[in-house]
Amino acid sequence: MDSILVTGNGPLNGDIPIAGAKNACLTLMPATLLSDEPLTLTNAPRLSDIKTMTALLQSLGAEVSSLQGGQVLAMSSHDLNNLHADYDIVRKMRASILVLGPMLARAGQAVVSLPGGCAIGARPVDLHLKALEAMGADLELRDGYVHAKAPAGGLRGAVIDFPFASVGATENALMAATLAKGTTVIRNAAREPEIVDLAECLRAMGAQIEGEGSSEITIQGVDRLGGATHRVVTDRIELGTYMLAPAICGGEVTCLGGKLSLVEAFVEKLDAAGLSVEETEKGLKVARRGDRVKAVDVVTEPFPGFPTDLQAQMMALLCTAEGVSNLEEKIFENRFMHAPELTRMGAKIEVHGGTARVTGVDRLKGAPVMATDLRASVSLILAGLAAEGETVVSRVYHLDRGYEHVVRKLSAVGAKIERIKGE
Ligand code: EPZ
């Protein structure tokens, strides 16, 4: 298994290009199952998760071609000849559940493996299933699979009240509702930019949708959807991650393509910590000149609150802040696996249930550490950039799921970082 070697090397300066969003692409790709006409995505990120979704769609009979070095995905599901999403693919990536709604809406039936466990939490899919049942689907859980059947005449519009603003359940319900008979209203819908991006793509395919980005989305079902070409929105989590690089090491970095509107709650915290963030024509410029970062308290929440996917990276910053910071993780029940690894680098972190108390130290020290999930892996790399000496992060296959060209992007702004090929 590959690992990444990082050596603390002082301030960073320059530009880092931000790719298209993994979490948008993973819901846009299944949208191709809703139509027999081609759907093309541009600005697609080059990640192992995108390859997994490609393999899943191809296993269902869709054609998916990766063009222009992987940044363009040309897809067509004219011949959906298999309605069975196999455990062998689904177990690799939970987002696979997002093929359920589109298949059920288009083909009237589907058999999809349940995703199984995850390092950061139990992550059930009950809200996805309840939403489809509200649209008239008959669902049976058998042998680890969801066996789903739409009523005669197809899914029906419904009022769906989510007890919690789940991103995935909103995406599945939204896609299914585009072909349902009548009107669907999703209440307490998730408001993430990835959902707005999905709605824009579906509308380009001919769907009738209003209210995306708010807590109430209304969808008027149509008989069929056409094709479209859609540009994937910028990855706000990759953006936030690289904004933290100069914050942790000092210097000035511009994240190309970054927009303030994607990361407002996050920028509020960087501001409170004493960092300068500026929106320019090129993107978001972050600078830290000299002064030590100040401690801040963070609570993760659904968008537009502070994103849980930036919690680990923010913790890496706060390890060397002046004072004590409290980070409360409210989305996932087990998302502090990076804390003991950061502690190996000399951080002072106490975890009690869903809250981590971080007492800032002068400087971290390099050490061998282990990645446990995607965002934890990059938080260890960020910590290593500012640590004294060498840090070796192992199990970086986690990283490849959500970050393209990390070594190239960070080296370009002066980081001392290299990938060590495993046996
Ligand atoms: C999406 O996951 C993202 N993944 C996650 O990013 C992100 O952390 C999460 O949203 C929250 O922002 C993708 O988009 C592919 P949820 P998702 O449904 O859809 C509970 C990353 O690092 N819940 O909003 O799975 C669930 O257990 C990943 O890129 C139910 O109880 O998130 C969790 O506690 C990690 N029942 C909470 O809701 C359900 O049916 C939020 O989950 C669905 C969710």
Side-chain angles (χ1 to χ4, degrees), residues 19-30 45 47-50 52-53 56 90 92-101 112 114-134 139 141 146 160-175 186 188-198 215 232-233 235-241 262-263 265-266 299-314 329-335 337-338 354 371-379 398-404:
K22 166 181 85 78
N23 290 347
C25 210
L26 289 178
T27 187
L28 290 163
M29 292 174 75
L47 305 167
S48 61
D49 270 7
I50 302 302
T52 306
M53 184 58 86
L56 177 59
V90 173
K92 293 186 190 137
M93 183 183 66
R94 312 183 51 73
S96 307
I97 194 75
L98 295 173
V99 300
L100 177 59
V112 177
L114 285 167
C118 172
I120 64 176
R123 302 183 74 179
V125 292
D126 55 321
L127 300 180
H128 299 238
L129 305 184
K130 284 201 186 98
L132 296 171
E133 276 174 338
L139 303 178
L141 302 187
V146 185
I160 297 164
D161 269 305
F162 283 134
F164 179 90
S166 153
V167 173
T170 301
E171 292 165 343
N172 239 330
L174 174 57
M175 290 190 279
I186 305 176
N188 198 18
R191 303 171 54 191
E192 272 67 5
E194 295 75 34
I195 288 171
V196 172
D197 204 40
L198 174 64
S215 301
V232 179
V233 70
D235 193 320
R236 65 195 168 98
I237 306 301
E238 189 195 26
L239 170 62
T241 301
L262 291 170
V263 282
F266 170 67
V299 180
T300 66
E301 288 171 309
F303 192 89
F306 189 100
T308 172
D309 295 346
L310 285 172
Q311 177 258 98
Q313 300 92 314
M314 193 70 184
E329 174 55 58
K330 287 175 73 174
I331 309 291
F332 292 107
E333 62 273 23
N334 186 35
R335 203 168 202 181
M337 307 271 271
H338 39 284
T372 47
D373 62 77
L374 166 59
R375 307 303 172 183
S377 59
V378 82
S379 80
H398 289 291
L399 192 78
D400 298 335
R401 299 189 58 175
Y403 293 91
E404 58 172 39

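When a ligand or atom number is given, it counts from 1 through the structure's own listing order. Values in this document were obtained by computation on a predicted structure and should not be read as measured data.
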Hey, what polar pairs (N/O, under 3.5 Å) does ligand 1 make with protein?
residue, atom, partner, partner atom, Å
ligand 1, 2 (O), R123, NH2, 3.2
ligand 1, 6 (O), N23, ND2, 3.3
ligand 1, 6 (O), D309, OD2, 3.0
ligand 1, 8 (O), D309, OD1, 2.6
ligand 1, 8 (O), D309, OD2, 3.4
ligand 1, 18 (O), S166, OG, 2.6
ligand 1, 19 (O), G168, N, 2.8
ligand 1, 22 (O), R335, NH2, 3.3
ligand 1, 22 (O), R375, NE, 2.8
ligand 1, 24 (O), V167, N, 2.8
ligand 1, 25 (O), R123, NH2, 2.9
ligand 1, 29 (O), K22, NZ, 2.9
ligand 1, 29 (O), N23, ND2, 3.1
ligand 1, 29 (O), R375, NH2, 2.8
ligand 1, 34 (O), I331, O, 2.6
ligand 1, 36 (N), P124, O, 3.3
ligand 1, 36 (N), D126, OD1, 2.6
ligand 1, 40 (O), P124, O, 3.3
ligand 1, 40 (O), D126, N, 3.2
ligand 1, 40 (O), D126, OD1, 3.1
ligand 1, 40 (O), L127, N, 2.8

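- A pairwise comparison of heavy atoms in A189 and F162 identifies CA-CD1, 4.5 Å as the closest pair.
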Extract all donor-acceptor atom pairs below 3.5 Å that involve side chains of residues 164-174 and protein atoms in other chains or at least two apart in sequence.
residue, atom, partner, partner atom, Å
S166, OG, A169, N, 3.0
T170, OG1, S166, O, 2.7
T170, OG1, A190, N, 3.0
N172, OD1, G101, N, 2.9
N172, ND2, I97, O, 3.1
N172, ND2, H128, ND1, 3.1

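- R335 has a carboxylate O that lies under 4.0 Å from a charged side-chain N of D309, or vice versa, which qualifies the two as a salt bridge.
- Side-chain atoms of N334 come within 3.5 Å of backbone N or O of A119 as a donor-acceptor pair.
- Distance CG/N23 to CG/L98: 9.5 Å, rounded to 0.5 Å.
- Closest of all the heavy-atom pairs between K22 and D235 is N-OD2, 3.1 Å.
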